[in-house]
Asks: 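Let me give you the structure first, and then I'll get to my questions.
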Amino acid sequence: MKNHRVTRNVMLGIKNLLLHKLRSLLTMLGVVFGVGSVIAMLAVGEGASKEALEEIRKLGSHNIILHSQKPVDEVNENTRRRLSIYGLTYDDEARIRATFDSVKRTVPVKIIRQDGRLKSRTLELRVVATTPDWFDLVPRPVLAGRVLTERDIRARSDAVVITEYGARRLLATENSIGSNLRLGGQYFEVVGIVQSESGQSGDLQTPDQEVDAYIPLNVARERFGDTITRRSAGSRSRERVELHQVIVEVDDHLDVPATATGIEAMLERFHKNIDFRLSVPLALLRQTQATQRVFNVVLGSIAAISLLVGGIGIMNIMLASVTERTREIGIRRAIGAKRRQIVGQFLIETIVLSTVGGLIGILAGVGIPSLITYFTEMPTSIPVYAIFLSVGISMGVGMLFGIYPALRAARLDPIVALRHE
Amino acid sequence: MSAASDGGSGAGIAVFDAVSKFYDVGDSRVEALKQVSLVFERGSFTAIMGSSGSGKSTLLNLLGCLDRPSEGEYVLEGQRVADLDDDALSNIRLSYLGFIFQSFNLIQQLSVQENIEVPLYYLGWEPERSAARARELAAMVGLEERLQHRPSELSGGQQQRVAIARALANDPQVLLADEPTGNLDSKTGAQIMQMLEGLNQDGKTIVMVTHEPDIAEHAGRQVVMSDGRIESIQE
């Protein structure tokens, strides 16, 4: 019995709303935008946090990455042909391994920019001289051949692993395994191709790049030495950097912050100038998440404001509707409708209005993130709960802003209402 | 004939005993009804006449449980109306009373059938049963062909017939008619009055407010009101 009354009220509500199609549509807009922005917000937030998690997966939450950087005073000193010596050293790496129990292993990285030449194709490569452990800490699928091994180190073999991106630019295929790649003046044998990841967004930067070529560290030292000569606009600068990066892997991610602090303190003792930089992906992730939260609060406020405005719009129209339909209310009351039945009728009408608005808003909310992704390449993902939340919110808005007009309708004196023109 | 002679007989379906109604307008008090005592017998047909402001509308509103007396006692079907709350008054209207208005008062956005079904909806009838009852009533007032029409598509006389069908939907004891022919031409008005007379013969108690003497002629009793009091009663 109760059920068919609700159904009838809903039907009646829809009927009344259809009587004023344009008005109902315009009234709904506020809720449409409100719900649309709630979903868009959640989709962007969800997308960003998924991306952040993906980033940390690439970087590893157990890692601390040390970078060499030219000290500030050296950069400003504009001396020509001077040899500047800075950065992380082989000793630093050994000390870190020896000092901290929490450190599982370290991966030294030396970066040399060289032109790579395969047959007739040339591409400037970022040659990463490292140890086989690199491929454990920065795991990338092997597309062809193999990655560097301990044997390459022991045998000082002139093996090189290139990335998918580099391979494509150099027109290398699976068949190119075994062919010669010339790096600078040196010949190396291509032993493998790995997938390249271009994961650079915000503060999070993966240690690998698309234009990488990987060679054994000891071979690089023999062939290229530790001194790099840079030619630029009439001047020539020479740098001596032993290691450009050291990736430190910590056993337990809970020890990461303490170990990072320890390493920083230790390095500061040995390096007079601050010629290194330390980045902790875990901390960066936390930071990203904090930024994300601020972003969400802002978006959430916008959504809340538009829902509020939408709700007020609905209330406004419902108050007008109550005035318009005073006579009807009087008739219903005279026939025997109780106050709460009048409240129910108007409340259901408002809820129908806002819920339909909410459903349209969901369609918009599902569409907007796709547009965002299309135009900004920002990843978005609509969580399922967002849909239910939106329906709930829009019904809630209807209820909240419908209650006052409905009570006004119910409080009308039937005699006065019947006389209303 | 004095009003008091009818008071207190206790046999009526609706009994007014020294009922007064005041309205406070600003600082002054308006007495719309002054110590009115009147008995409506079961199955009677009463016309209430009087100029505007005579208190006849107030009397009808009180009879219809749309309002409560300020003083005095109104007993409808053994229930003292002054003691009842808003919900109970709604229930009385729903169960015992049917209203017919001068301006028909149909709900414009509802069809004829839906209008007739409004009281049944509040009575909680199942949709199928309610629809059947609406068809039956529409046939009774000769509008079975117009069930899906809107009130605006009907003539005044037809609209009033729909209103009568609606007033009868809950099978009320008492029909209250407020100038039922006021908006109709004399021929249509006569048809409506014929219909009301027929209903009265079938046992419905009818109270009708009118200012037209020839319409009042249809009733078995004419009560003339003036300045909130009963001026005369003609049987």
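Here is how names work: the chains are called A, B, and so on, in the same order as the sequence lines, proteins then strands, and each is numbered from 1. Because the structure is predicted, anything quoted here is derived from the model rather than measured.
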Asks: Salt bridge or not for K21(B) and D67(B), using N-O below 4.0 Å?
Replies: yes
Asks: Under 4.5 Å heavy-atom distance to chain A, tell me which part of T58(B) shows up: side chain, backbone, both or neither.
Replies: neither
Asks: How close do S103(B) and R327(A) get, heavy atom to heavy atom, and via which atoms?
Replies: OG-NH2, 2.6 Å
Asks: Is there side-chain contact between R150(B) and Q108(B), with at least one heavy-atom pair below 4.5 Å?
Replies: no
Asks: side-chain hydrogen bond (donor to acceptor under 3.5 Å, both in side chains) for S354(A) and S394(A)? Distances and angles first, verdict last.
Replies: CA-CA 6 Å; S354(A) 63; S394(A) 51; 5.6 Å; no
Asks: In terms of heavy-atom proximity below 4.5 Å to chain A, should Y121(B) be classed as side chain, backbone, both, or neither?
Replies: both
Asks: Of all the heavy-atom pairs spanning R68(B) and L62(B), show the shortest one and how long it is.
Replies: C-CD2, 3.4 Å
Asks: Run R133(B) and S130(B) through side-chain hydrogen bond (donor to acceptor under 3.5 Å, both in side chains) and show every step you take.
Replies: CA-CA 5 Å; R133(B) 173 85 172 140; S130(B) 162; over 6 Å; no
Asks: In terms of heavy-atom pairs under 4.5 Å, which option from G330(A), A337(A), P414(A) contacts chain B the most?
Replies: A337(A)
Asks: Applying side-chain hydrogen bond (donor to acceptor under 3.5 Å, both in side chains), run through Q345(A) and E328(A) and close with a yes or a no.
Replies: CA-CA 12 Å; Q345(A) 186 194 337; E328(A) 179 194 332; 3.2 Å; yes
Asks: Which of residues 10-41 of chain A have a heavy atom under 4.5 Å from any heavy atom of chain B?
Replies: L12(A), K15(A), N16(A), L19(A)
Asks: Calculate, to the nearest 0.5 Å, the distance between atoms CD1 and CZ belonging to I13(B) and R42(B) respectively.
Replies: 4.0 Å
Asks: Measuring heavy-atom distances to chain B, does R325(A) have an atom under 4.5 Å in its side chain, in its backbone, in both, or in neither?
Replies: side chain
Asks: L106(B) versus chain A, heavy atoms under 4.5 Å apart: side chain, backbone, both or neither?
Replies: backbone
